[in-house]
Amino acid sequence: MLVVSLGGSPSLRSRSGVLLDRARHWLHIQGVEVVTFQVRDFPAEDLLHARFDSPKVQHFLQLVAQADGLVVATPVYKASFAGALKTLLDLLPERALEHKVVLPIATGGSIAHMLAVDYALKPVLSALKAQETLQGIFADDSQIAYGEGSAAAQLAPALEQRLNESLEQFYSALARRPKPVAPGLLNERLISARWSI
Ligand SMILES: Cc1cc2nc3c(=O)[nH]c(=O)nc-3n(C[C@H](O)[C@H](O)[C@H](O)COP(=O)(O)O)c2cc1C
């Protein structure tokens with residue numbers, strides 16, 4: 001299984017990034033291969049000028065095409081998801097998330113905008129034809145405490161539990177996801193079905 005993890009925060013020190021990192025670690029322990037991208041690592045000019053042919057963007061598109069699922073994390077900015085993330089999602093082809101399971105993660109300063117994923121990010125994932133978008137996780141900043149120095153960030157126990165439950169759901173959804181049948185294989189199956197009647 002291959003999962004693309006996408007961090008949508010422009011900030012290097014990022015609470016949504018902490019959750020994404022936990023998710024990556026959890027999936028890695030289950031034996032899932034995870035490739036991580038951060039929106040801030042893409043050349044800003046490529047994103048702002050919508051350069052579909054940028055090598056970094058092309059590499060990202062290739063991995064998304066190969067992936068079984070996507071974990072996408074974003075901060076809430078102005079009651080929506082981060083604009084930087086949108087500039088990258090805009091470069092994906094229309095059916096980029098077809099046959100894929102998506103787990104959205106968001107962090108915000110308060111719970112006032114906890115539905116931002118539902119009304120802002122999910123319609124975009126749906127426009128990209130995501131096969132299944134899970135409920136996802138929202139955390140407010142008070143639930144994620146940065147550690148001192150190199151110490152790991154601490155999650156509130158309720159958040160830790162929600163995150164683990166969501167990851168279990170994501171993993172099950174990945175495992176039961178129907179695989180697209182290659183056109184050649186479909187033809188072969190139809191021929192052998194005729195013989196077996
Ligand atoms: C420019 C900006 C706009 C923000 N707008 C909102 C907002 O509308 N609602 C909210 O709950 N939090 C808002 N926040 C707070 C962030 O969503 C919150 O601190 C989040 O955890 C940051 O995630 P990050 O550390 O991954 O970047 C905003 C923060 C910034 C910097």
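Atoms within each ligand, like the ligands themselves, are counted from 1 in listed order.
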Query raised in the report: Who's closest to atom 4 (C) of ligand 1 heavy-atom-wise, of Leu20, Ile111, Val76?
Result: Val76

Query raised in the report: Just heavy atoms, cut-off under 4.0 Å: does Thr107 contact ligand 1 by side chain, backbone, both, or neither?
Result: both

Report task. Identify which of Gly7, Gly108, Ser9 has a heavy atom lying nearest to atom 27 (O) of ligand 1. Result -> Ser9

Query raised in the report: So, the side chain of Lys86 versus the backbone of Val124: is there a donor-acceptor pair under 3.5 Å, distance only?
Result: no

Report task. Salt-bridge test for Arg22 and Glu160: reply yes if a basic N is under 4.0 Å from a carboxylate O, no otherwise. Result -> yes

Report task. Step through the shown structure and confirm whether more than 12 heavy atoms of other residues, nucleotides or ligands are within 6.0 Å of CG on Leu2. Result -> yes

Requested in this report: Among all protein heavy atoms, pick out the one at the shortest distance from atom 31 (C) of ligand 1; state its residue, atom name and that distance to 0.1 Å.
Outcome: Tyr77 CE1, 3.7 Å

Query raised in the report: Looking at Phe37 versus His59, is the centre-to-centre ring distance below 6.0 Å?
Result: yes

Report task. State, without any angle test, whether Gln58 and Gln62 hold a side-chain donor-acceptor pair at a distance under 3.5 Å. Result -> no

**Report entry** atom 5 (N) of ligand 1 - nearest protein heavy atom and its distance
**Finding:** Lys78 N, 3.0 Å

Report task. Just go through Ala106, Ser16, Gly17 and tell me whose heavy atom is the nearest to atom 26 (O) of ligand 1. Result -> Ser16

Query raised in the report: Between His113 and ligand 1, which part of the residue brings a heavy atom under 4.0 Å of the ligand: side chain, backbone, both or neither?
Result: side chain

Report task. State whether the side chain of Ser172 and the backbone N or O of Glu168 hold a donor-acceptor pair below 3.5 Å, judged by distance alone. Result -> yes

Query - Ion pair Arg177/Asp68, N-O distance below 4.0 Å - result: yes

Report task. Give the numbers and elements of all ligand 1 atoms closer than 4.0 Å to a heavy atom of Ala79. Result -> 7 (C), 8 (O)

Query raised in the report: In the protein, which heavy atom is nearest to atom 25 (O) of ligand 1, and how far is it?
Result: Arg15 N, 2.7 Å

Report summary line: atom 21 (O) of ligand 1: closest protein heavy atom, distance to 0.1 Å, is Asp141 OD1, 2.5 Å

Query raised in the report: Going from CG on Leu20 to CZ on Arg15, what distance comes out if it is rounded to the nearest 0.5 angstrom?
Result: 15.5 Å

Query raised in the report: With hydrophobic residues grouped by side-chain heavy-atom distances under 4.5 Å, do Leu167 and Leu134 end up in a single group?
Result: yes

Query raised in the report: Considering only protein heavy atoms, which is closest to atom 11 (O) of ligand 1, and at what distance to one decimal place?
Result: Gly109 N, 3.1 Å

**Report entry** Residue-ligand contact Ser110/ligand 1, heavy atom below 4.0 Å
**Finding:** yes

Query raised in the report: For atom 22 (C) of ligand 1, what is the nearest protein heavy atom, given as residue, atom name and distance?
Result: Pro75 CB, 3.5 Å

